[in-house]
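Notes follow once the structure below has been shown.
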Amino acid sequence: MTNRKPDYWLLTSTILLILIGAMMVYSASAIFALEKYHDPFYFFKKEILFCTLGFLLLFITQRVDYHRYWKLVYPLMFITAFFCILVAIPGIGVKVGGARRWISVLGFTFQPSEMVKIALILFMAYSLTKKREKMENFSIGVLPHIIVAGGMMALIVLQKDLGTVVTLAFVMMVLLYVGGTKVSYLAGAILLFLIAFVILIMVEPYRMMRFLAYLDPWKHLADTGFQVIQSFMGFNQGGIWGAGLGQGRQKLFYLPAAHTDFILSVVGEELGLFGVLTILALFAILIIRGFRASICAPDLFGTYLALGITALFVVQSFINFGVVMGLLPTKGLPLPFISYGGTSILVMSVCVGVLLNVSSQAGTGLSGKG
C-alpha cells in the first residue's frame with residue numbers, strides 16, 4: 001500500500017455527483033412520498049443513509065490495496081450468484097413492477113444484479129491477468145470468460161433486467177479486446193450476443209412494445225410511450241436555466257419513476273440544460289480519471305480492474321442518458337449516484353474506492369499479481 005495522495009479530481013467529482021443525487025432525489029420524490037407514505041422525506045432519509053454508507057465504503061476501499069481482491073474473486077462470484085438465485089424464490093425475492101430483482105432484509109431491499117457488476121469485473125481482471133499469454137487461444141482465452149459471464153447474465157435475464165445484461169456484455173467485450181482476444185473471436189461473440197438480445201426482445205411482449213414506442217413514442221402515448229414523452233416535456237419546460245429546484249411539474253404524478261431511472265428529466269426541468277451539462281461534465285471527469293488510473297496502473301491486474309470499472313460508468317451513464325432523452329429504448333437502468341437506489345450507490349461507491357486505490361499506486365512499480 002502506498003501513501004500517495006488520492007486523485008482529488010476523481011474524488012471531488014464523485015462527491016459532487018452523490019450530493020447532487022441526494023438533492024434531486026428529495027426534489028423528485030417528496031410529493032410522491034407524501035402521497036404514498038405520508039412522509040415527504042421517506043425516500044430522502046433512505047437516500048441519505050445509503051449515501052453515508054457509500055461514503056464510508058468509498059473511503060475504506062480507497063485504503064485497501066486492490067491486490068487483496070485477488071483472493072476474493074471466486075468467493076465473491078459464488079456469493080453474488082447465490083443471491084441472484086435467491087431472488088427467484090418466492091418469499092425471499094421481492095417483486096416490483098412485474099420484475100423480481102430484489103431481496104428484502106430488515107425493511108431494506110437490495111439488488112443482487114448490482115453486485116454482479118463488480119464481481120464480474122474482478123473476475124475478468126483476475127482471469128485476463130493470469131491468461132495474458134494465452135488470450136489468442138479460443139478455448140483458454142475466450143470460451144471460459146463467455147461461459148462464466150453468460151451464466152451470470154442468464155441469472156439476470158431471469159430477473160427481467162435486460163439493461164444490466166447489456167451493461168455487463170459491453171464491459172466484458174471491452175476487457176476481452178484490451179486483453180488481447182482476436183478480433184474474429186470477439187466479432188463472433190458480439191454476433192451471438194446480438195442474436196440472443198433480439199430473441200429476448202421478441203419473446204417478451206413488453207420489450208417489443210418498448211422498442212416500438214422507441215421508434216414512435218407519440219403513437220404509443222397511452223401506454224409504453226407515455227414515460228419518454230413526459231421526459232421530453234420536462235426537458236422542454238426546463239430550457240437553459242430550469243424552472244428552479246423543486247419547481248418542476250412533471251414529477252407531480254406525470255413522470256413515472258421520477259426519482260429513479262428518469263431522474264435526469266427532473267434535473268433538466270428544474271436545473272435546465274445547465275444542470276444536465278454539469279452532471280455530464282462530472283461524469284466526464286470521473287471517466288477520464290478512471291481511464292488515467294487504468295493507463296498508469298502498476299500492473300495488468302490494476303489496468304484491467306480500473307478499465308472495467310470505468311467502462312461500467314461509461315455504458316451505464318450513456319444508456320441512462322440515451323433512454324431519458326429518447327435516443328435508446330426504455331431500460332430500467334439507474335444513473336450512477338443520481339438515481340435513487342441503495343444497492344447502486346453502495347456498489348458504485350466501492351467501484352470509485354477501488355479506482356482511487358489503483359490511481360494512488362500509479363508509478364510505484366509494484367509487480368502485483370501476474
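Along the sequence shown, residues carry numbers from 1. All values below come from the heavy atoms of this structure, side chains included, with hydrogens, waters and symmetry mates left out.
Applying the ring pair (Phe, Tyr, Trp, His ring centres under 6.0 Å) test to pairs two or more places apart or on separate chains, those with a residue in residues 242-290 are F32-H259, F43-H259, W241-F274, H259-Y340. For residues 262-277, every residue pair satisfying the salt bridge (charged side-chain N to carboxylate O under 4.0 Å, His left out) rule, not counting sequence neighbours, is listed here: K251-E270. The salt bridge (charged side-chain N to carboxylate O under 4.0 Å, His left out) contacts involving residues 13-28 comprise nothing, where partners must be two or more places apart or lie in separate chains.
The shortest side-chain heavy-atom distance between D161 and T164 falls under the 4.5 Å cut-off. A 4.5 Å side-chain heavy-atom check between L58 and V350 finds every atom pair outside the cut-off.
Nearest approach of Q227 to T330, heavy atoms of both residues: OE1-CG2, 4.0 Å. Contact record, S139 with P144: O-CD, 3.3 Å, taken as the closest heavy-atom pair. The two residues G302 and A297 come nearest to each other via the heavy atoms C-CB, 3.6 Å. Closest non-hydrogen pair, P256 versus F226, comes out as CD-CE2, 4.0 Å. Residues L305 and A125 share a closest heavy-atom pair of N-CB, 3.7 Å. Summarising the geometry of Y304 relative to G179, their closest heavy-atom pair is OH-CA, 3.6 Å, with the distance given to 0.1 Å.
Under the 4.5 angstrom side-chain criterion for Ile, Leu, Val, Met, Phe, Trp and Tyr, the cluster partners of I146 are F138, V142, L143, I147, Y185. Taking a 4.5 Å side-chain heavy-atom cut-off between Ile, Leu, Val, Met, Phe, Trp and Tyr, the cluster of L191 extends to I195, I199, V203. By the 4.5 Å side-chain criterion applied to Ile, Leu, Val, Met, Phe, Trp and Tyr, F44 is assigned to a cluster that also includes Y26, F41, I48.
Using cut-offs of 30° and 60° for the angle between ring planes, the F82 and F78 rings count as parallel.
The local environment of CD in E204 is crowded, with over 12 non-hydrogen atoms from other residues, nucleotides or ligands closer than 6.0 Å. For M202, the CE atom is loosely surrounded, since the number of other residues' heavy atoms within 6.0 Å does not exceed 12. F211 CZ: 12 or fewer foreign heavy atoms inside a 6.0 Å radius. Around atom CD1 of I240, no more than 12 heavy atoms belonging to other residues, nucleotides or ligands sit under 6.0 Å away.
Taken from OG1 in T224 to CE in M208, the straight-line distance is 11.5 Å, to the nearest 0.5 Å. Atoms CG and OG1, on L56 and T61 in that order, are 9.5 Å from each other to the nearest 0.5 Å.
Residues passing the side-chain contact (heavy atoms from CB on, under 4.5 Å) test with I287 are F291, T310, F313, V314, S317, sequence neighbours excluded. For the side-chain contact (heavy atoms from CB on, under 4.5 Å) test, residues two or more places apart in sequence or in another chain that qualify with L10 are D7, T14, L286, R289, V352, L355, L356. Every ring-ring contact (aromatic ring centres under 6.0 Å, His included) that F110 has, sequence neighbours left out, goes to F83. Legend: residues meeting ring-ring contact (aromatic ring centres under 6.0 Å, His included) with Y126, ordered by chain and number and at least two apart, are W70, Y74. Applying the salt bridge (Lys or Arg N to Asp or Glu O under 4.0 Å) test to E47 and every residue at least two apart in sequence or in another chain returns nothing. The salt bridge (Lys or Arg N to Asp or Glu O under 4.0 Å) check on D39 picks up K45, with sequence neighbours excluded.
Hydrophobic clustering (side-chain heavy atoms under 4.5 Å, transitive across Ile, Leu, Val, Met, Phe, Trp, Tyr) groups F318 together with I309. The cluster map of Ile, Leu, Val, Met, Phe, Trp and Tyr, joined by side-chain heavy atoms under 4.5 Å apart, puts M325 and M24 in the same cluster.
Side-chain contact annotation: N357 with Q361, donor-acceptor N/O pair under 3.5 Å present.
S127 places no side-chain N or O within 3.5 Å of a backbone atom of F123 that could act as its donor or acceptor partner.
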